[in-house]
Undergrad: 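First the structure, which I've put down as structure tokens, then a few questions once you've had a look.
Numbering of ligands and ligand atoms starts at 1, following listing order. Counting from 1, the numbers follow the sequence of the chain as shown. Note: hydrogens, waters and symmetry copies are ignored here, and every other heavy atom, side chains too, is used. These numbers were taken from a predicted model, which means no experiment stands behind them.
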Amino acid sequence: MYRENYINALRLEMVEMVRDGLSPVALKYGYSDVALESTIKWRPLVLVVGNYSSGKSTLINEFLGGDVQAVGQAPTDDSFTIITYDDAATEQVTVRVTEERDGKYLLNDPDYPFEILKKHGQRFASHFRLKKVNSPFLRNLAIIDTPGMLDSITERDRGYNYQDVIGDLAQLADLVLVLFDPHKAGTVREAHTSLRETISARTFEDRVLFVLNRIDECSSLSDLLQVYGTLCWNLSQITGRKDIPAIHLTYSSRAAGKSDSSRPGSHDFLYHLQNQRKKLRESVLDAPRRRLDNLASFIETHSERLDQFLEALLTHRKRTQKFQFKLTLIGALLSLFLGGAVAYGAVIFGLAGTLTDPWAMVLAVAALGAGLAFWIYGPMRVMMKAFQRRWRKKTDAIISLDTQTRKDNWQSVGPLVFRYLQKTSGRYPVKTLKNEYAQVHEIYTEGSREVRKALNELANMAPDQAVFDNISKPIEDEDFSDAKSADDASDPDQLPPPPQDRPAASEK
Ligand SMILES: Nc1nc2c(ncn2[C@@H]2O[C@H](COP(=O)(O)OP(=O)(O)OP(=O)(O)O)[C@@H](O)[C@H]2O)c(=O)[nH]1
Ligand SMILES: [Mg+2]
């Protein structure tokens, strides 16, 4: 329990750091249009995507220990379903859906992080929903089941941009499981486009786990290797990398048992891959820890960028003030000179006897005031505007971009600085900005260091074995009793002896 509590407390602290330290400043200066914490404040998220009928819903049901999602051979489910824990649910033996919410509610409730999906329109909203389930598996995370990827012709009929939705969800997710099955390891174009153009472009590689599911349907080891090879080739094309990403090879023993026990071929190879299902389950249960890593990167990235953003505003404001001071000084000197000249003129033209004559003094002061007012509202204003215009054209030179990181950050920060300078004409209070800059700078330096220290502590912490065992074990009920036995067998240390007739002859 200790580790679990530690992870939860740390997550809340990090969200608080963003909400109280970064978000108000980000909103005030137009660094962000929405509160920064809006996408990270909810629970850790696991997104499950893949070809239709690749076994996504079956896998999820198995994790949850109950028949929560519909399964079926043809494309079965055309909805995006957020499956989350029902905190109000009492302990019950049977895992079931305790509450359902529709997409409209979900997209408009600020407690959830899905407001960014509103842009996908009504058709999408009607294919979006939430299910609350009393499964302990969901205590610290939520799962998103998605409609299967189809071929690109059918894809057009959806009425919303499927790939964009997947891309947005992938950005929110801490872990993305991408499922394939032996029948479609290399055929569904849509899957490839989605992966190449959305998931891999928008998330970090370490957030994605590739899964070759339903491997019990390979007739032999060589058949499996052939499928595996095809998938590797396709994935290398998708990711554009030469090294092949790790692929989990797995299957549902429950579904396999139901599908056809008299399938031809030898399935001895499955014996060696049984522990993969358990590993997959463990990876999913590790999502809260992944969320911490993602939050740490989020804080580092945004505090660094915001720091640079405020540094630029502060530097520019100081430079503006310096220039303004110079101009005011010049104006004052010119006005003084004008006042003196007028007093002198008054003496020459006989309007006053001497320079100290009250008339000469009055004329001098009037000329000085008029001169200063003319300077401030005339030439000085024009020059200040020209100054602002000049700097808006060369925002890149406001602060030094001496390192590659600063240059990279500037790519996203520079246009925002420009927008803010244009909006305010370079006039904003420097004192509050200084305090805000100090606050953000502290998060950027101290805050990020503290977070990393806490994560290192966590890495050295032993897992809460009792809790983990409890969650990772499916709840026993009639339907899922066979899933349990598969799981018990999936621990390599407890495997039953391999089949006696295991020789490679069957793989010929
Ligand atoms: N043999 C075998 N069948 C499986 C396995 N996993 C799922 N199935 C079967 O495959 C079919 C499709 O499974 P689903 O879980 O509905 O697949 P899905 O990916 O959710 O499908 P869509 O929601 O339509 O995209 C069902 O009939 C399952 O019983 C497996 O590991 N082995
Ligand atoms: Mg499904």
Undergrad: With a 4.0 Å cut-off on N to O distance, would you call R449 and E446 a salt bridge?
TA: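 Salt bridge flag = yes for E446 with R449.
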
Undergrad: Any atoms of ligand 1 less than 4.0 Å from a non-hydrogen atom of E217? List them with their elements.
TA: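 Ligand 1 atoms under the 4.0 Å threshold to E217: 1 (N), 2 (C).
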
Undergrad: Give yes if a backbone or side-chain nitrogen or oxygen of D216 is under 3.5 Å from a nitrogen or oxygen of ligand 1, and no if not.
TA: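 By distance alone, the answer is yes.
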
Undergrad: With no hydrogens and no angle check, just 3.5 Å: does a side-chain donor-acceptor pair link R123 and N161?
TA: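 Per modelled atom types, R123 and N161 side chains form no pair under 3.5 Å.
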
Undergrad: So for ligand 1, is V71 a polar contact partner (N or O within less than 3.5 Å, distance only)?
TA: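 No.
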
Undergrad: With heavy-atom distances below 4.0 Å as the criterion, list the atoms of ligand 1 near G148.
TA: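 That gives atoms 25 (O) of ligand 1.
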
Undergrad: With a 4.0 Å cut-off on heavy atoms, is S54 touching ligand 1?
TA: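 Distance cut 4.0 Å: S54 passes for ligand 1.
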
Undergrad: For residues 109-121, please give each side-chain donor-acceptor pair under 3.5 Å, one per line with the distance, not counting sequence neighbours.
TA:
{"residue": "D109", "atom": "OD1", "partner": "D111", "partner atom": "N", "Å": "2.8"}
{"residue": "D109", "atom": "OD2", "partner": "Y105", "partner atom": "OH", "Å": "3.2"}
{"residue": "K118", "atom": "NZ", "partner": "N108", "partner atom": "OD1", "Å": "3.1"}
{"residue": "K119", "atom": "NZ", "partner": "I116", "partner atom": "O", "Å": "3.4"}
{"residue": "K119", "atom": "NZ", "partner": "D168", "partner atom": "OD2", "Å": "3.0"}
{"residue": "H120", "atom": "NE2", "partner": "D168", "partner atom": "OD2", "Å": "2.8"}

Undergrad: Could you check which of R214, Q69, K56 puts a non-hydrogen atom nearest to atom 9 (C) of ligand 1?
TA: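 Of the listed residues, R214 has the closest heavy atom.
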
Undergrad: How many angstroms lie between CZ in F309 and CH2 in W410, if you round to the nearest 0.5 Å?
TA: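 If we round to the nearest 0.5 Å, F309:CZ and W410:CH2 are 8.5 Å apart.
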
Undergrad: Suppose I only count heavy atoms of Y251 and a 4.0 Å limit; which atoms of ligand 1 are within that range?
TA: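 So the atoms of ligand 1 that pass are 31 (O).
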
Undergrad: Any N/O/S atom from S57 (main chain or side chain) under 2.8 Å of the Mg ion (ligand 2)?
TA: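 Checking the Mg ion (ligand 2) against S57, an N, O or S atom does fall under 2.8 Å.
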
Undergrad: Would you say the side-chain atoms of N213 and S54 include a donor-acceptor pair closer than 3.5 Å?
TA: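 S54 and N213 do not have a side-chain donor-acceptor pair below 3.5 Å.
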
Undergrad: Within ligand 1, which atoms have a heavy atom of A256 less than 4.0 Å away?
TA: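 The atoms of ligand 1 under 4.0 Å from a heavy atom of A256 are 1 (N).
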
Undergrad: Are there over 12 heavy-atom neighbours, none belonging to E99, within less than 6.0 Å of that residue's CD?
TA: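 Counting other residues, nucleotides and ligands, CD of E99 exceeds 12 neighbours.
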
Undergrad: Spell out, as yes or no, whether a donor-acceptor pair under 3.5 Å connects the side chain of N61 to the backbone of Q69.
TA: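 Flag set: sc N61 to bb Q69 pair under 3.5 Å.
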
Undergrad: If I apply the N/O under 3.5 Å rule, does Y52 come out as touching ligand 1?
TA: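 No, Y52 has no N/O under 3.5 Å of an N/O on ligand 1.
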
Undergrad: With heavy atoms of S252 as the reference, note each atom of ligand 1 found under 4.0 Å away.
TA: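 Listed by number with element: 30 (C), 31 (O).
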
Undergrad: Starting at CD of E16, measure out to CD of E37 and round the result to the nearest 0.5 Å.
TA: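 Between atom CD of E16 and atom CD of E37 there are 10.5 Å.
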
Undergrad: Does an N or O anywhere in G55 fall below 3.5 Å from an N or O of ligand 1?
TA: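 The answer is yes, given that G55 and ligand 1 share an N or O pair closer than 3.5 Å.
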
Undergrad: Quick check: does T146 get an N/O under 3.5 Å from an N/O on ligand 1?
TA: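 Looking only at distances, the answer is no, because the N/O contact criterion of under 3.5 Å is not met.
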
Undergrad: In terms of side-chain heavy atoms, does S220 have a donor or acceptor partner in S222 at a distance below 3.5 Å?
TA: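 There is such a pair (donor and acceptor under 3.5 Å, judged by atom type) between the side chains of S220 and S222.
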
Undergrad: Examine P147 against ligand 1 and note whether any of their N/O atoms are separated by less than 3.5 Å.
TA: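 It does not: no N or O of P147 is found under 3.5 Å from an N or O of ligand 1.
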
